[in-house]
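The structure under discussion appears below in the form of structure tokens.
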Amino acid sequence: MKILRDPAEVRAWRRALPPERRVAMVPTMGFLHEGHLSLLREARRRVPVGEGEVVLTIFVNPTQFGPSEDLDRYPRDEEGDLAKARECGVDLAFCPLDPHAMYPSRSTWVDVEGLSAGLCGSSRPGHFRGVCTIVSKLWNLVRPDLALFGEKDYQQLAIIRRMHADLMLDGQVVGMPIVREPDGLAMSSRNANLDADARRDALALSRWLHTVRARFETGERRVDALLAGASEALAPGRPDYMEIVDAEDLRPIEVIERPALCALAVFVSGVRLIDNAVLRP
Ligand code: PAF
């Protein structure tokens, strides 16, 4: 597995690839867990050895963290990540060391309006601008035939799909299902910051989604009724938001008549966790 640190080296590597070689990219911020590994394995399945390259990017992107957010606390383990990447058959890991290498200046941004407004976008202003800017830089350098993202970050995936279409980027965006621990907790690098009590409290998120789904499956379609009792069910976690929105345009709805997204973000012992479920009538 090749490890590159400098954007110019990635550009040169890409230029030197024979045109028939396909490229699958998995952008991450590292501290890889089973969710990331499922993306890497799917990338390898879709671009088998001999037909092309699987590229993992590891970069804790500073511009998607707000001033009061957990950039410094974000867990990091490059050595462990690279060992896991090797096991998944990654060909190239691009791990810029210096944030300035990815941001020669901080004056050019990619911002997707509308879809970025609600959910995580309202409590993390500028977050998706940072995500879209770094993903478009990586897209330009790696020029993937496909790039894979997890559905745990449902809003992120929807925004990246829109950006990809609007900027007429080449290749394809692939979404992959949420990977959960056996007890239901959605896999996330931030889970590493939970102590044993917080880890137990964090189970309330997936349990709550299960309750909402059960209500939905008995025929309830009113959003108020589906979400009733959420704060109590999520305690002692402190909800940032919990909403049911249209699964496509992410606008709030009152009654579910077409596929909807139940999404929530909850602070558990100071760690912000997100989870979601799609409800299909
Ligand atoms: O989902 C993530 O880990 C990040 O938001 C991403 C897409 C790698 C951009 O930094």
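Start at 1 and go down the list; that is how both ligands and their atoms are numbered.
Taking every non-hydrogen atom of Q64 and a distance limit under 4.0 Å, the qualifying atoms of ligand 1 come out as 4 (C), 5 (O), 9 (C), 10 (O). In the vicinity of Q156, heavy-atom distances shorter than 4.0 Å reach the ligand 1 atoms 1 (O), 2 (C), 4 (C), 5 (O), 7 (C). Heavy-atom contacts of I134 reach the following atoms of ligand 1: 9 (C), 10 (O) (cutoff under 4.0 Å).
Under a hydrophobic clustering in which Ile, Leu, Val, Met, Phe, Trp and Tyr are joined whenever their side-chain heavy atoms come within less than 4.5 Å, directly or via other members, L148 and L32 fall into the same cluster. A continuous path of Ile, Leu, Val, Met, Phe, Trp and Tyr side chains, each step under 4.5 Å between heavy atoms, connects L167 with L115, placing both in one hydrophobic cluster.
For a threshold of 3.5 Å applied to N or O pairs, the pair formed by T28 and ligand 1 contains no separation below that value.
Annotation: side chain of R190 is in contact with side chain of L273 (closest heavy-atom distance under 4.5 Å).
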- [ ] Go through the steps to decide whether Y241 and S122 satisfy the test side chain to side chain donor-acceptor pair (under 3.5 Å), and finish with yes or no.
- [x] CA-CA 9 Å; Y241 67 78; S122 38; over 6 Å; no
